[in-house]
Protein chains: 2
Amino acid sequence: MRSSQVTIKDIARILGISPSTVSRALKNHPDISEETKVAVNELALKLKYQPNAVALSLKHSRSNTIGVIIPEIVHYFFSSVISGIEDVAYEAGFTVIICQSNEKYDREVANAKMLLSHRVDGVLVSISKETTNFDHLVMLQEGGLPLVFFDRIVPEIIADQVIINDEEAAYKATKHLIENGRRRIAHFAGPQNLLIGRDRKEGYLRAIREAGLQADPQLIIDADTYEKALIATNHLLTMDNPPDGIFATNDLTAIGAMQSLQKKGIKIPQQIAVVGFSDGRFSGITEPNLTSVDQHGYEMGSVATEILLNRLLSPSETYVPQTRVLSANLIVRGSSK
Amino acid sequence: MRSSQVTIKDIARILGISPSTVSRALKNHPDISEETKVAVNELALKLKYQPNAVALSLKHSRSNTIGVIIPEIVHYFFSSVISGIEDVAYEAGFTVIICQSNEKYDREVANAKMLLSHRVDGVLVSISKETTNFDHLVMLQEGGLPLVFFDRIVPEIIADQVIINDEEAAYKATKHLIENGRRRIAHFAGPQNLLIGRDRKEGYLRAIREAGLQADPQLIIDADTYEKALIATNHLLTMDNPPDGIFATNDLTAIGAMQSLQKKGIKIPQQIAVVGFSDGRFSGITEPNLTSVDQHGYEMGSVATEILLNRLLSPSETYVPQTRVLSANLIVRGSSK
DNA sequence: TTGAAAGCGCTAACAT
DNA sequence: ATGTTAGCGCTTTCAA
């Protein structure tokens, strides 16, 4: 095992020339004779020489690697974001190191240190549900790493951001329910320390108020997981005055709601309409199909990466952070009409 | 921007001592005086010193990094595998570089070269649907990198493998349909250049034969994507003698089948029963719920990583590749009974 | 046209 | 108890 890999020195030794000549020949330096170039390149091919990226990173203080800190890979939205990141990075010859925080603050901090230690050139971040202190991210910036936030951004930190307009999307979703005659609309809210959680709730409230409806605090329930949604739905059904619509902060909770409702024999959408958020593979699969906000994961990943690579490849003196807001459209399906 | 990061030299210069003393102090070397240790560690903390993993990799010819080559992240199965990989690697202080082949041979080759170039210590691989030539993977082995295959393995290459018993699982799934009275069972087959595709078909055929049923080639259709499943299902329904059961090579095709059937007013499972493969988030969401083989993605990822790390951390002279077969159980739900 | 030497950050054998 | 030196693989300035 561990038969060490071919280096420039090996090629130099075999050919009886110096390492620097080999290096130059490999990058087609004009000074090198055609003869030498051919010999070097042929041998390199034969020995399956692969440049040592580690040595290059050390030499250039540039790793051609970007880091990603993401809550959990096993969500369709996040895995599509990664897919977008990967594709753009691959095209540009960049390597991607992906770290999951698993929604844990401590692990997110460890991830940040690890990326700093690996001297990645920049980092894409979507913070965990637990994160309320951002020193570890500031540390990255202080280390000279450009940061690009996506989806779960940190307004307190000055950096590039890629988001959808969560407030607007939530507003549209709620308004859609109202326009379909719903008057008591419940909201399954996400964590309020995340901006997306607050924004979605805000949008919901704006639509309610604008329609002259009463915002009932009892109808706003913290429920951002499938399990919590099951409980929350059953709770809603015990009320004297149960809701006639539910706007959930993500698709999984919307589906939890649908299943609880159907188990109790409630008709969707006739008795209670349901709308989700973050259109994934699920929405077309439920019966009825789920109305949901399309969150454009792949596009978010690719745009965020383009912004980051742009910072890396053409650094400007005047750093003006940009915020890209992707349009989020409501896809209306059977669960709400 | 690009304010370079703190190094051991910086600390040495500030403290007026040599870099090697700093290095030793940081790793709590017994020779170093308590006084110096305290001074060094305090300053390191204050300056937020993070060891340069790149320099360490070069020095030790060991990157503490493992590579992963995976077809597509945006599949629940693969993303749960990654989750298992990540968790085990994280615990052991290893970094993970994930590459997607996007089911393309060329990109898989590029991924392999990239990982070799980055001098990862070992690689976890699940090959693409297109891959029939394995030189790029042999190249990794020749470069001294231990390989561990999972799910989509390559029997031609001598290496560790983690799989479920696909043949057995497919047999069980088909037998289950037969025991429920089905006599004409269709199979949506995966790519036959993948062993898992062949094995699943084999298991299907064995169950059919064992029950004394006729294997009808017309009932075996290449369909491994959602779209293909829609077409295949409609095709089946045009037959004079349509099937009364479908065993699909994955859940997405099973769901495609269910939706096509329901659109035509066919009752599931009364008229046609459906069984999928690779139990994911979907199975509990369809109506009726989907009977499926649980593929244990997370476990597959964690076991594969443990095997790889074991090879790395305690290399033995006698290399005996192991094959770990995880038990795969059929989860029976409403779509088939 | 090619080679020698220095250095990226760190460690470890070898001084002192 | 601490410093000096060499080297991991590669590039690049300077010298020949």
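Everything quoted here is computed from the prediction, not taken from an experiment.
- Heavy-atom contacts from other residues, nucleotides or ligands closer than 6.0 Å to CG of L47(A) number more than 12.
- Checked against dG9(D), dT11(C), dT12(D), the side chain of S23(B) finds its nearest nucleotide in dT11(C).
- For R24(B) and dG3(D), a side-chain-to-base donor-acceptor distance below 3.5 Å is present, hydrogens and geometry of angles not being considered.
- Between the CD1 atom of I17(B) and the P atom of dT11(C) there is a distance of 14 Å, given to the nearest Å.
- Here the nucleotide nearest the side chain of S61(A), chosen from dC10(C), dG9(D), dC8(C), is dC8(C).
- Judged by distance alone with a 3.5 Å cut-off, a donor-acceptor contact links the side chain of S20(B) to the base of dT4(D).
- Applying the 6.0 Å contact sphere to CD of E156(A) captures more than 12 heavy atoms from other residues, nucleotides or ligands.
- At the phosphate of dG9(D), neither OP1 nor OP2 sits under 4.0 Å from any side-chain N or O atom of Y49(A).
- Side-chain contact between L137(B) and F149(B) is present, with heavy atoms from C-beta onward closer than 4.5 Å.
- Distance CG (L56(A)) to C1' (dT12(D)): 13 Å, rounded to an integer number of Å.
- Applying the 6.0 Å contact sphere to NZ of K129(A) captures more than 12 heavy atoms from other residues, nucleotides or ligands.
- Under 4.0 angstrom from either OP1 or OP2 of dC8(D) there lies no side-chain N or O belonging to S57(B).
- If you measure from atom CD of Q5(B) to atom C1' of dC8(C), you get 13 Å, rounded to the nearest angstrom.
- Comparing S33(B) and R119(B) along DNA chain D, the residue whose closest nucleotide (by nearest heavy atom) sits nearer the 5' end is S33(B).
- Residue K59(B) has no polar side-chain atom (N or O) positioned under 4.0 Å from OP1 or OP2 of dA12(C).
- Straight-line distance from the CZ atom of R62(B) to the P atom of dG9(D): 15 Å, rounded to whole Å.
- Rounding to whole angstrom units, CG of residue N52(A) and C1' of dT11(D) are separated by 13 Å.
- The distance from atom CG of L58(B) to atom P of dC10(D) is 9 Å, rounded to the nearest whole Å.
- Taking 4.0 angstrom as the limit, T21(A) places a side-chain polar atom (N or O) nearer than this to OP1 or OP2 of dG3(C).
- Among the protein residues, T7(A) comes within range of the sugar-phosphate backbone only, with heavy atoms under 4.0 Å from sugar or phosphate atoms but none that close to a base.
- Side-chain proximity of H60(B) to the nucleotides dA12(C), dG9(D), dC10(C) is greatest for dA12(C).
- Straight-line distance from the NE2 atom of H29(B) to the P atom of dA1(D): 10 Å, rounded to whole Å.
- Between N64(A) atom CG and dT11(D) atom P the separation is 13 Å, expressed in whole Å.
- Listed nucleotides dC10(C), dT2(D), dC8(C) differ in distance to K9(B); the shortest reach to its side chain belongs to dC8(C).
- No more than 12 heavy atoms of other residues, nucleotides or ligands lie within 6.0 Å of NZ in K113(A), so this atom counts as exposed by the packing criterion.
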